[in-house]
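Keep in mind that the numbers below use all heavy atoms, side chains included, and drop hydrogens, waters and symmetry copies. Every chain is numbered from 1, with letters handed out A, B, ... down the list of sequences.
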Protein chains: 2
Amino acid sequence: MEDRAPASIKQFEERLIDVSESLPKRLRQCAEYVAANKDRIAVSTVAEMAEGAGVQPSAFMRFCRILGFSGFSEMQRLFRESYAGGWPDYSTRLKNLREKAEGSASALLGEFVDAGRASLENLLKTIDAKTLDDAAEALAKAQMIHIIGLRRSFPVASYISYAFEKMNVPAMLHSGVGGLDNHNAIRTGDVLLAVTFSPYSAETVDMVEAVSARGIPVVALTDTIVSPLRKFEAITLSVSEVDFGAFRSLSATLCLAIVLSVAVGTKRSE
Amino acid sequence: MEDRAPASIKQFEERLIDVSESLPKRLRQCAEYVAANKDRIAVSTVAEMAEGAGVQPSAFMRFCRILGFSGFSEMQRLFRESYAGGWPDYSTRLKNLREKAEGSASALLGEFVDAGRASLENLLKTIDAKTLDDAAEALAKAQMIHIIGLRRSFPVASYISYAFEKMNVPAMLHSGVGGLDNHNAIRTGDVLLAVTFSPYSAETVDMVEAVSARGIPVVALTDTIVSPLRKFEAITLSVSEVDFGAFRSLSATLCLAIVLSVAVGTKRSE
DNA sequence: TCAGAAATGGACTATAAATTCTATTTTTCT
DNA sequence: AGAAAAATAGAATTTATAGTCCATTTCTGA
């Protein structure tokens, strides 16, 4: 109605406070219910919200418009979108990019920076603190940490390896140089840290399988929960990167990698 | 279909893992997308989920039924009911994490995520579009791209190497395995891409010096402008990472690395 | 290599939800 | 207290979205 619709949750809240002074009975009920149940807006229908507030749906609609929205849907959209942060859908953006900026390097940079930031936020939201701690604990107890990660995961593995080295944590990077697999270097008391992402490299999965069968603990860094490493009894940390096109930046993965490394380093020196 | 619908998120996840072993292509895409974006289910439509997974809505519906639901709505209901809302927002979450989890692995995670985000933002602000384009241009013209980056920079170098491989760009990673330096593999018409950060590894600097003396173009990825690579006539891209403690996450560097790789890949295929 | 089965894409339909409209009630002001 | 204005409830309408169906493609096993 009056001016333009709130563009952020913050603006929405301000607006709500402004307005709620001078509201007739039913609309005030709406305001109060909404204030107390902001999180329900994203997942409810007008009918449900109206019932919650004890008013008719049409009253709730009027309330939405007083707040500056064209209707309930527009208000709901604000909440749905701001949940989980900006979720630009990258397939559309990639298409636009191809058409418009024609792959100019700096346009690409913007996209990848965005993807990276979204991934990091997502990591913070989805990682399970308990699992992370368990993983660090298991690795800290190891006599020697064996690290494996091939192809796309190799940068991560080598990064972890470097970090451990710097912190004097005994670690061995299994890089598969020369086609050697060095399974025998892994001994009782050691722990395997496996990094693998879709498409999961067979060597890594094989090593986890072999090692796991021998009762050696495995910590896995992987994407999503449907990774093939689930089958084995590994402590699994899953990270999902926001892809941009066919390319995956490793921001979140590396962040988790360094956190894990530092946590292990700290625990060991205690 | 089979038995009854999952009654909790936990059951849902188990079911997802169970089922995901034996799934045809499109349905697997659904499983993967869902696994990585569980939080979107509550606030999206089938069409949106399907698009995210890269499948047709009808395929996504089939997926819901395989999981045991009567349709998308029933599955969504499960998530809407247990939807806790992503609030409070990112910065508040971060603050809580720091204060509460003090010293634990998850507190570390907060710090590194923050450092990573800051680095990415900073990258966007400081990178010079022209230089970035020049670098991509130079690399795109190369007959072969030689990549060097040792120690801390090695993950970056190997990441770039992987990306080039994926895009069919002829590239060679000089990893120094076996103490070989392979200077002679670098020929007229090639370009060297050197990655180095303080403390700058002597091998890298030496290689840049030698190669540069032969008139071969060099693109450098380094920190700050006082890096020793400045002396040579290299196209220099500098990234500064925000450190946390003594540790440096490579978020910004890797982001720049992938941008450069993709830009080169795109230019070459034009 | 071919036949049968499974999987897929896309158009079509049914349904549930948002939105609008209007008669009725409540409030406000003189 | 009575008329005008505002607010409300509920039904009617429109729109968006889930869900269905079937022709076509893609796998699978003989």
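By the side-chain contact (heavy atoms from CB on, under 4.5 Å) test, B/Ser58 is found to be paired with B/Gln56, residues two or more places apart in sequence or in another chain being considered.
Heavy atoms only, all atoms of each residue included: B/Gln29 and B/Gly54 are closest at NE2-O, 3.3 Å. Among all heavy-atom pairs drawn from B/Met75 and B/Cys64, the shortest one is SD-SG, 3.8 Å.
In this structure, B/Arg77 atom CZ and C/dA16 atom P are separated by 10 Å, rounded to whole Å. One can place CZ of B/Arg65 at 16 Å from C1' of C/dA6, the figure rounded to the nearest angstrom. Taking atom CZ of residue B/Phe60 and atom C1' of nucleotide C/dG9, one finds them 16 Å apart after rounding to whole Å. If you take CZ of A/Arg28 and C1' of D/dT8, they are 17 Å apart, rounded to a whole angstrom. Put simply, CD on B/Glu74 is 17 Å from P on C/dT15, counting in whole angstrom units. Atom pair B/Phe63:CZ and C/dT8:P shows a separation of 12 Å (rounding to whole Å applied). Note: CZ (A/Arg62) to P (D/dA9) measures 8 Å, nearest angstrom. A/Ile66 places its CD1 atom 15 Å from the P atom of C/dT19, with the value rounded to the nearest Å.
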Name the pairs: protein N/O against N/O of nucleotides 10-17 of chain D, kept only if under 3.5 Å.
residue, atom, partner, partner atom, Å
D/dG10, OP2, A/Gln56, NE2, 2.4
D/dG10, O6, A/Ser58, OG, 3.1

Extract from the structure each pairing of a protein N or O with an N or O of nucleotides 25-30 of chain C at less than 3.5 Å, listing the distance.
none

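One finds a salt bridge joining A/Glu13 and A/Lys38 here, because a Lys/Arg side-chain nitrogen approaches an Asp/Glu carboxylate oxygen to under 4.0 Å.
Judged by distance alone, the side chain of A/Thr222 and the main-chain N or O of A/Thr196 form a donor-acceptor pair under 3.5 Å.
Checked options A/Asp223, A/Asn122, A/Thr253; the residue passing with A/Ser240 is A/Asn122 (criterion: side chain to side chain donor-acceptor pair (under 3.5 Å)).
Taking the six-membered ring for Trp and the full ring otherwise, the centers of B/Tyr159 and B/Tyr162 sit at least 6.0 Å from each other. You'll find the ring centres of B/Phe12 and B/Phe79 inside the 6.0 Å limit.
Between D/dT8, C/dT8, C/dA18, one nucleotide has an atom nearer to the side chain of A/Leu27 than all others, and that is D/dT8. The A/Met61 side chain lies nearest to C/dT19 when the options are D/dT8, C/dT19, C/dG9.
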CA sep, side-chain torsions, deciding dist, call: B/Ile147, B/Phe164, side chain to side chain contact (heavy atoms under 4.5 Å, CB included) = CA-CA 10 Å; B/Ile147 308 159; B/Phe164 279 156; 3.8 Å; yes

